[in-house]
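Below, each value reflects all heavy atoms present in this structure, side chains not excepted, and no hydrogens, waters or symmetry copies. On a predicted model such as this, the values are computed, not experimentally measured, just so you know. Throughout, a chain's letter reflects where its sequence line sits, starting with A, and its residues are numbered from 1.
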Number of protein chains: 2
Amino acid sequence: MTIQEAAQRSGLSAHTLRYYERIGLIHSVGRNASGHRDYAEQDLEWLAFLTKLRTTGMPVADMCRYTELLRRGPETIGERRAMLERHRARVRARIAELSQDLLALDYKIDMYRGQE
Amino acid sequence: MTIQEAAQRSGLSAHTLRYYERIGLIHSVGRNASGHRDYAEQDLEWLAFLTKLRTTGMPVADMCRYTELLRRGPETIGERRAMLERHRARVRARIAELSQDLLALDYKIDMYRGQE
DNA sequence: GTTCCCCTTAGAGTGCGCTCGAAGTCAAAT
DNA sequence: ATTTGACTTCGAGCGCACTCTAAGGGGAAC
């Protein structure tokens, strides 16, 4: 699959795919005879996971660290799990914060409704 | 109240308070005899609201727009409410997205637990 | 065969939201 | 009187995560 197709299917731009590869977030994308990138289904799955990490607010540096742990093999499973658990705690906290702020927003909107 | 006290109580830095004033997010902070900023309780309340908008992801440009509507008086109440409602919809969508991604995270963590 | 378009790399540029630095003022403490 | 330290303005700088440009290389379409 070409970089454009991979971009389409992952929701990332071709620029971003090259950037991710450059910083080590995607490792070993295949190349065709002309040296062009040739993405496999597996790459797409990995991109989908990376995207979840990003959209939940994990910094790119941490994603790199996680990727490096994965590359080092099964002896890093504990550390990887710990990273994800810390991240999960942050995501939960963020949801809680947003939910709180939502109440303030509701209140303000109701106030405006009353004044109109 | 001095800028340092206002920073302390709002959770923003003094630098950020000056920046917010410069871009029009805070309007008419009082000055004392020496020309130093002298924050009132009302300013703190406004800062708290601004902070809620920021932490829920409203761009600073939109916050400026909202502030300008407020400055223009009661005839902008409808528009202000509309802004907040659009923002609320985005916040709700964001919470839904985070909650979804949280499930994927849970799944992955459970997988790691199984492998350890 | 040449036009066209997408690909490659390496490095520079962008937008956002601050954050800091320089140069100067002022007031209280020593 | 002078040192200290917090304040002022204005403009420059920074960190993050891309995003784009330049220069060049295939390879399919006309």
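In this entry the distance linking OH of B/Tyr19 with P of C/dT19 reads 10 Å, nearest Å. Atom CG in B/Leu17 sits about 17 Å away from atom P in C/dG17, given to the nearest Å. When the P atom of C/dC16 is taken as reference, atom CZ of B/Arg54 falls 11 Å away, rounded to whole Å. The nearest whole Å value for the distance from the CG atom in A/Leu50 to the P atom in D/dC18 is 11 Å. Distance CD (B/Glu21) to P (D/dC10): 11 Å, rounded to an integer number of Å. One can place CZ of A/Arg22 at 13 Å from P of D/dT19, the figure rounded to the nearest angstrom. Distance B/Met63 CE to C/dC16 P: 14 Å, rounded to the nearest Å. The OH-P distance, from A/Tyr20 to D/dT19, rounds to 9 Å in whole Å.
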If you apply the rule side chain to side chain contact (heavy atoms under 4.5 Å, CB included), what do you find for B/Leu103 with B/Gln100, and how did you get there? CA-CA 5 Å; B/Leu103 297 179; B/Gln100 267 302 310; 4.0 Å; yes
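Comparing atom distances between the B/Val60 side chain and each of C/dG17, C/dT19, C/dT9 picks out C/dG17 as nearest.
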What protein N or O atoms touch nucleotides 21-28 of chain C N or O atoms at under 3.5 angstrom, if any, and at what distances?
none

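Ion pairing of A/Arg31 with A/Glu21 is present here, as a side-chain N (NZ or NE/NH1/NH2) and a carboxylate O approach within less than 4.0 Å. Looking at A/Glu97 and A/Arg94, a side-chain N of the basic residue comes within less than 4.0 Å of a carboxylate O on the acidic one, giving a salt bridge. A salt bridge does not link B/Arg9 with B/Glu5: every distance from a Lys NZ or Arg NE/NH1/NH2 to an Asp or Glu carboxylate oxygen is 4.0 Å or more. The residues B/Arg71 and B/Glu68 are annotated as salt-bridged, a charged nitrogen and a carboxylate oxygen being separated by less than 4.0 angstrom. Taking 4.0 Å as the cut-off between side-chain N and carboxylate O, A/Arg113 and B/Glu85 count as a salt-bridged pair.
Aromatic ring orientation, B/Phe49 versus B/Tyr66: tilted (interplanar angle from 30° to 60°).
Contact annotation for B/Arg37: backbone-only contact, meaning every heavy-atom pair under 4.0 Å involves sugar-phosphate atoms and none involves a base.
For B/Gln4 and D/dC7, the shortest distance from a side-chain N or O to OP1 or OP2 is below 4.0 Å.
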